[in-house]
2 protein chains.
Amino acid sequence: MRESTGGTRERIQAVALELFTEQGYERTSLREIAERLNVTKAALYYHFKSKDEIVNSLVEDRVQRIDELIAWARSQPPTRATRRALLNKYADMMFASEQPSVMRFFEQNQTVLKSLSAGMQMRERLLGLANQLCQGDNSPAAQLRATLTLFAVHSSWFAVRTPHITDQERKKIALEVADELLAGIGEPEPDAAQD
Amino acid sequence: MRESTGGTRERIQAVALELFTEQGYERTSLREIAERLNVTKAALYYHFKSKDEIVNSLVEDRVQRIDELIAWARSQPPTRATRRALLNKYADMMFASEQPSVMRFFEQNQTVLKSLSAGMQMRERLLGLANQLCQGDNSPAAQLRATLTLFAVHSSWFAVRTPHITDQERKKIALEVADELLAGIGEPEPDAAQD
DNA sequence: GTCTATAAGGAGATAGAC
DNA sequence: GTCTATCTCCTTATAGAC
């Protein structure tokens with residue numbers, strides 16, 4: 001509860017996310033963000049101690065939520081059903097609120113984000129997700145399939161260019177295609193010992 | 001035939017591509033490139049009239065080759081066989097010489113490249129390729145599938161983390177998974193008129 | 001073809017008033 | 001919580017000598 005004036009902090013985050021996604025992190029200066037908000041650069045520094053920290057604040061709780069997802073997946077058996085459920089949860093998360101914009105930002109600024117702590121955290125999480133999605137089948141093809149299912153969810157925004165399509169429809173299509181990819185990932189033997 | 005000294009121009013391109021991919025276009029200064037080559041910034045400006053132009057030179061002939069690919073696809077019927085052949089040609093191109101690094105650079109610097117002419121050209125071509133890959137089936141799912149096949153080829157570098165795997169194997173796996181995605185794209189009716 | 005020197009500008013960040 | 005003013009640093013790019 002720190003919003004005494006009207007949530008300037010949140011407005012900064014919103015504008016920053018938009019500009020970072022549109023033009024890239026490096027190409028967006030603090031001056032630009034400030035001007036959009038009709039404040040000065042110095043005002044930004046009251047709310048965030050650096051430019052990096054704006055990105056951190058953007059990524060923070062997303063990272064946490066993905067962690068929870070991975071933890072859940074680990075507690076489940078490495079079956080096809082688990083993988084489907086995991087991806088469904090992930091898609092729900094991605095399509096909720098303005099989550100998508102954060103992922104779009106992430107996808108489009110990968111290189112820069114490598115040198116930002118927020119970026120590294122996100123990378124780790126996505127790698128972790130991909131690993132969970134092919135748990136039980138460590139073949140190269142399975143790894144590729146797992147990665148592509150994530151990308152199916154992410155790319156449903158720009159890859160599908162049909163006009164007037166709703167987010168719900170995008171999600172449905174992404175999951176249908178992803179399911180097919182998941183189906184090609186094998187399950188480990190049910191432990192041989194059956195008599 | 002301009003290499004009087006030893007292809008400084010080519011050495012600049014090589015180092016620039018490497019650093020751009022590693023750290024991002026914006027984060028890589030001309031000073032840095034020059035230092036790696038043990039020359040001064042001014043020397044770079046003899047070979048390229050601006051930083052952008054280095055990127056242009058990198059992307060130039062790739063764009064042309066993709067154009068040829070698209071032109072070829074247009075001359076073919078929009079069948080599954082054409083799509084498979086198109087993706088095979090594309091994969092051959094991507095895995096030839098040091099092409100992969102250029103695509104990796106492109107994938108990782110999308111946002112920045114939006115404001116560079118070279119970047120826009122590449123974007124158009126990849127969109128064109130995706131369109132050709134789902135020619136004859138304009139359903140949203142088909143568009144997503146087409147996009148994912150391209151990504152399958154591109155991502156086979158980092159998505160497959162099996163050690164000691166060769167490029168040939170990566171390509172093979174990428175195409176296998178991609179084929180499955182292509183199989184879900186429909187073909188137009190063979191023109192009804194059969195008796 | 002490569003150098004030294006420098007111009008010109010914008011970036012992130014800080015100090016301290018209000 | 002936001003301002004003005006300023007610091008420091010590094011960038012792309014150019015001019016002209018060798």
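Chain naming here is simple, since letters A, B, ... match the order of the sequence lines and numbering starts at 1 in each.
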Stepwise salt bridge (charged side-chain N to carboxylate O under 4.0 Å, His left out) test for B:Arg36 and B:Glu18: CA-CA 11 Å; B:Arg36 264 256 201 146; B:Glu18 189 186 331; 3.4 Å; yes
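- One can place CD of A:Glu35 at 16 Å from C1' of D:dT2, the figure rounded to the nearest angstrom.
- Residue B:Asn38 contributes atom CG, which lies 19 Å from atom P of C:dG1 at whole-angstrom precision.
- Contact check, A:Tyr46 against D:dG1: a side-chain N or O comes under 4.0 Å of OP1 or OP2.
- Atom pair A:Leu44:CG and D:dT4:C1' shows a separation of 15 Å (rounding to whole Å applied).
- Within a 6.0 Å sphere centred on CZ of B:Arg84, heavy atoms belonging to other residues, nucleotides or ligands number 12 at most.
- Rounded to whole angstrom, the span from the CD atom of A:Glu10 across to the C1' atom of D:dG1 amounts to 14 Å.
- Applying side chain to side chain contact (heavy atoms under 4.5 Å, CB included) to B:Gln110 and the options A:Gln110, A:Gln108, A:Glu107 leaves one that passes, A:Gln108.
- Side chain of B:Thr166 to backbone of B:Glu169: a donor-acceptor contact under 3.5 angstrom is found.
- Computed from coordinates, the A:Ile33 CD1 to C:dA11 P distance equals 11 Å when rounded to whole Å.
- Here the C1' atom of nucleotide C:dA13 and the CD atom of A:Glu32 are 18 Å apart, to the nearest Å.
- Between B:Thr40 and the phosphate of C:dT4, there is no side-chain N or O to OP1/OP2 separation shorter than 4.0 Å.
- Between A:Leu37 atom CG and D:dG1 atom P the separation is 16 Å, expressed in whole Å.
- In this structure, A:Tyr90 has its ring center under 6.0 Å from that of A:His154.
- Not one N or O on the side chain of A:Arg125 forms a donor-acceptor pair closer than 3.5 Å with the backbone of A:Ile66.
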Under 4.0 Å protein heavy-atom contact, by nucleotide of nucleotides 12-18 of chain D - B base, S sugar-phosphate only: BBBB---
